[in-house]
Amino acid sequence: MITMAEGLRLPTNGLDYTILAIYFAVVLGIGFAAKRSVKTSLDFFLSGRSLPAWVTGLAFVAANLGATEILGMAANGAQYGAYTVHWYWIGAIPAMVFLGLVMMPFYYGSKVRSVPEFLLHRFGPSSHLLSSIIFAVSSVLIAGVNLYAMAIVLEALLGWPEWVAIVVAGFFVLAYITIGGLSSAIYNEVLQFFVILAALIPLTVVGLKRVGGWDGLTSSLTDSHGGDFLTAWGGTGIGEANPLGANWLTIVLGLGFVMSFGYWTTNFAEVQRALSAKNGSAAKRTPLIAAFPKIFIPLVVVVPGLIALVMEPSLGKTKDGLQYNDAIPVLMRDLLPNGVLGIAVTGLLAAFMAGMAANVSSFNTVFTNDIWAAYLKKGREDAYYLKTGRVITAVGVLIGMGTAFIASSFSNIMNYLQTLFSFFNVPLFVVFIIGMFWKRTSAAAGFWGLLSGTVAAMVNYFWFYKQGVISIPSDQGANFVSSIVAFVVGAVVMFVVTLVTKPKSAESLAGLVYGTTSPGMEELPAEGDDAWYRKPALLGWGAVVLAAVCYIPFSF
């Protein structure tokens, strides 16, 4: 559970609240502006597939840059040190590049409106319905976690009661998504991306100056926590102890491959942004464009956690004192003057709303198209599904508010989210990756692979780990192991079931399996130049190389 220590109340004044009010007004204004373009259900759920790559790319990274990441990764930076960069440079960039270069041609070319709908075409209704229900449930749970985390923070920083913060933020997210659909959510996410950076960059720069620059920061932490604290790989040999509770093998396989690929390539809250792009080339470039700012996010999220640890060495030392989750609020309280403080509070609120909006907009799409229209109310006119989408948006926000009030039962929000990903995203990734590259894979294999992978991850976590059958040093380490178990079990089950069941016909797999024609992936029309930023392959490999270069200072 995110808990904030006493004494974090920020000295906000009228100027800060004016900035906050202006932001809310702009958010609603974007919603009303987007409303004019919403005439069909495709406009509402996927922006009519009309958005340029730079817009969808920034929305892609902003949808992930929620407050649980900002607060949680800053907390992880304070607690685990440089190990936290693994979540970015090995746990995000390669998977984002893989999504753009390999998987988006299948998603966009098949003209599906959601990730579960792709499973309908590739494996049939059983896998489709199972994945739709799993995603709908997990999306509103995660939306509720964002709301709850925001309420706790605003109560500590501004004195707002929890229920007030939940209702206010929930209302604004409900208003602009219901009015303007996905376009409103995406354009607000682009705005939120810049507001978040406007909050975090001054915090990082002023914080570094306060602790004596990078040299002062590293020398202080080396003296207090040892040399490995500022290296990404120190102490990660098999059998060695480290704060993260994971070795290089579980980091590379569990986080770097299984968990990260499972999240970035199958999480519809992210993929939906790419599906709204105006053509196939723009869809492919969406996660690749997002990868470049993602590379530098650790500099304004993880580094502030390290700065907070130097400024407040008592972080996480006692139950009643400042906790690791307090890292960002501590810096805001101690470093920022009024006006800039208002921008920082607005940025933090924008981060919460971006995370919630991404989950709500993906929830309304999956529930309306993949559950309601596919199995409950088939064959209605388009206007009916457009109205249903707006109603379901309200339902999703209300459920999110409800789950926000019960989210305090989770012992640790970041661990909880990673656990969810290991249960649901990893088995989905197994089904996708095998189904996309092996034509023989049958419909039954897709269903049983998804179900068995999910069950295997749960058994490993709740029985083997929680009951002490096997010894794993930390919850994060257990999540990495659960991800590996889910992947292996799901893959083995799919292989066995495929061998004893009938495959789908070759004609039905066109555009759904690697090596088959995907007619929807037309290239972006020429616009007068042949610049490198219009070439997905160069964008992708450029992001990978840049991430590897950024890894170097943290590796030794």
Side-chain angles (χ1 to χ4, degrees), residues 93-112 114-124 126-128 130-131 252-254 256-268 270-271 274-275 280 283-284 286-288 421 424-454 456-457 483-521 536-537 540-541 544:
I93 303 303
M96 294 167 75
V97 171
F98 183 83
L99 170 64
L101 297 183
V102 178
M103 295 186 72
M104 279 316 302
F106 297 104
Y107 282 139
Y108 198 91
S110 60
K111 295 299 182 185
V112 298
S114 68
V115 169
E117 188 180 346
F118 183 88
L119 290 184
L120 175 64
H121 295 307
R122 178 61 182 89
F123 293 108
S126 297
S127 299
H128 175 231
L130 177 61
S131 63
V252 172
L253 292 182
F257 174 59
V258 179
M259 186 175 284
S260 70
F261 277 65
Y263 174 80
W264 289 103
T265 64
T266 66
N267 183 25
F268 184 50
E270 302 292 339
V271 175
L275 288 178
K284 287 194 289 186
T286 292
L288 305 178
F421 298 151
F424 303 131
N425 291 87
V426 171
L428 197 57
F429 173 63
V430 178
V431 174
F432 267 89
I433 202 68
I434 293 179
M436 281 183 173
F437 287 94
W438 190 21
K439 294 181 183 179
R440 177 72 175 79
T441 311
S442 65
F447 174 80
W448 289 110
L450 179 59
L451 184 61
S452 63
T454 301
S483 297
I484 296 172
V485 170
F487 186 89
V488 172
V489 170
V492 170
V493 168
M494 288 188 71
F495 179 77
V496 172
V497 173
T498 292
L499 295 181
V500 296
T501 53
K502 184 179 179 181
K504 297 186 71 174
S505 64
E507 296 79 12
S508 66
L509 298 178
L512 301 174
V513 179
Y514 191 78
T516 61
T517 303
S518 185
M521 286 306 294
W541 287 112
V544 170

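- Under the 4.5 Å side-chain criterion, counting only non-hydrogen atoms from C-beta, Val489 is not in contact with Val430.
- Taking each heavy atom of Ser442 and Phe123 in turn, the nearest pair found is O-CD2, 3.4 Å.
- Interatomic distance, Thr265 OG1 to Phe106 CZ, rounded to the nearest 0.5 Å: 12.0 Å.
- Counting heavy atoms from C-beta on, the side chains of Leu450 and Ser131 come closer than 4.5 Å.
- Counting heavy atoms from C-beta on, the side chains of Phe447 and Val497 never come closer than 4.5 Å.
- The minimum heavy-atom distance between Leu512 and Ser110, with the atom names listed, is CD2-CB, 3.8 Å.
- Of all non-hydrogen atoms in Met104 and Ala283, the two that sit nearest each other are CG-O, 3.6 Å.
- Partners of Phe257 by ring pair (Phe, Tyr, Trp, His ring centres under 6.0 Å), not counting sequence neighbours, listed by chain and number: Phe261, Phe429, Phe487.
- The heavy-atom pair separating Met494 from Gly449 by the smallest distance is CG-CA, 3.5 Å.
- Put simply, the side chain of Val115 does not reach to within 4.5 Å of the side chain of Asn267, judged on heavy atoms.
- Evaluation of the side-chain hydrogen bond (donor to acceptor under 3.5 Å, both in side chains) rule for Tyr107 yields no partner, not counting sequence neighbours.
- Arg122 is listed as a side-chain neighbour of Thr441, based on a closest heavy-atom distance under 4.5 Å.
- In this structure, the separation between NE2 on His121 and NZ on Lys111 is 12.0 Å, given to the nearest 0.5 Å.
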Name each donor-acceptor pair under 3.5 Å that joins a side chain in residues 432-440 to protein atoms two or more places apart or in another chain, with its distance.
unit_1	atom_1	unit_2	atom_2	d
Arg440	NH1	Thr498	O	3.0
Arg440	NH1	Thr501	O	3.0
Arg440	NH2	Thr498	O	3.3
Arg440	NH2	Thr501	O	3.2

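- Counting all heavy atoms, side chain and backbone alike, Trp264 lies closest to Val271 at O-CG2, 4.2 Å.
- Leu101 places none of its side-chain heavy atoms less than 4.5 Å from the side chain of Lys284.
- Shown here for Ser260 and Ala95, the closest heavy-atom pair between the two residues is O-CB, 3.6 Å.
- With rounding to the nearest 0.5 angstrom, the OG1 atom of Thr286 is 9.0 Å from the CG atom of Leu99.
- In this structure, the separation between CG on Leu119 and CG on Leu130 is 9.0 Å, given to the nearest 0.5 Å.
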